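Structure, as structure tokens:
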Amino acid sequence: MNWKLAFLPEAVKDLKNLDGSQRLLVLKSIKKVQTNPLPICEGGYGKPLGNKNGKNLSGFLKIKLRDAGIRVVYKLIKTETQMLIVVIGARADDEVYEIADKRIEKNGL
């Protein structure tokens, strides 16, 4: 069963800012994870996040695209079986996690 997919408006911009090959890679990864976005400990594909450099990302998960150096941070909304994409970006200096923290606070997630 595929979970419904939703993006924060900022995450849509993140996706559009990627070059074509990166965008395809990210979309392919999201589609794969969308079939079972639960945390690894529950038999899914998601890798749980916790505290990242003082940013509390507990309850959020990530998709690691190791070769591309891209991370996708998302949250599961289990009451609706929805997967909300918060941020898509380069891992460089944990910037993606700082952006995730700001968007989480801004959107009351």
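Because the structure is a prediction, the values reported are computed rather than measured.
Other residues, nucleotides and ligands contribute more than 12 heavy atoms inside 6.0 Å of the CG atom of N51.
A donor-acceptor pair under 3.5 Å is formed between the side chain of D19 and the backbone N or O of Q22. Of the possible donor and acceptor atoms, one in the side chain of R103 sits under 3.5 Å from a partner among the backbone N and O of V86. The backbone N or O of L109 sits nowhere less than 3.5 Å from a side-chain atom of N107 that would complete a donor-acceptor pair. Using a distance-only test at 3.5 Å, with no hydrogens or angles considered, a donor-acceptor pair links the side chain of Y74 to the main chain of P37. Side chain of Q34 to backbone of W3: a donor-acceptor contact under 3.5 angstrom is found.
Minimum interatomic distance between K75 and G59 (heavy atoms only, all atoms of both residues): CG-O, 4.2 Å. In plain terms, the two heavy atoms of V26 and I70 that are nearest each other are CG2-CG2, 4.0 Å. Nearest heavy atoms, I63 versus S29: CG2-CB, 4.1 Å. Across every non-hydrogen atom of I88 and A11, the tightest pair is CD1-O, 4.0 Å. Of all heavy-atom pairs between G89 and V96, the closest is N-CG2, 3.9 Å.
Distance check: L65 CG to K28 NZ gives 11.0 Å after rounding to the nearest 0.5 Å. Interatomic distance, CG of L49 versus CZ of R71, reported as 10.0 Å (0.5 Å rounding).
A side-chain contact (heavy atoms from CB on, under 4.5 Å) with I30 holds for exactly one of I85, L15, L25; it is I85. Under the side-chain contact (heavy atoms from CB on, under 4.5 Å) rule, K55 has a single partner from D94, I99, D101, which is D101.
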Can you check side chain to side chain contact (heavy atoms under 4.5 Å, CB included) on L61 and V33, steps first, answer last? CA-CA 11 Å; L61 299 121; V33 172; over 6 Å; no
Could you walk me through whether Y45 and K32 pass the side chain to side chain contact (heavy atoms under 4.5 Å, CB included) test, one step at a time? CA-CA 9 Å; Y45 293 113; K32 175 185 174 187; 3.5 Å; yes
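Salt bridge status for R23 with D14: absent, with no side-chain N to carboxylate O gap under 4.0 Å. A salt bridge links K78 with E42: the distance from a Lys NZ or Arg NE/NH1/NH2 to an Asp or Glu carboxylate oxygen falls below 4.0 Å.
By the rule that hydrophobic residues join a cluster once side-chain heavy atoms approach within less than 4.5 Å of another member, L8 and V87 end up as members of one cluster. Connection of V12 to I104 is not established within any shared hydrophobic cluster, with ILVMFWY side chains joined at heavy-atom distances below 4.5 Å, either directly or through further cluster members. Criterion: ILVMFWY side-chain heavy atoms under 4.5 Å apart, direct or through other members. Under it, L5 and L18 are part of a common hydrophobic cluster.
Taking 4.5 Å as the limit, some side-chain heavy atom of V73 sits within range of a side-chain heavy atom of Y97. In this structure the side chain of K47 reaches within 4.5 angstrom of the side chain of I40, judged on heavy atoms.
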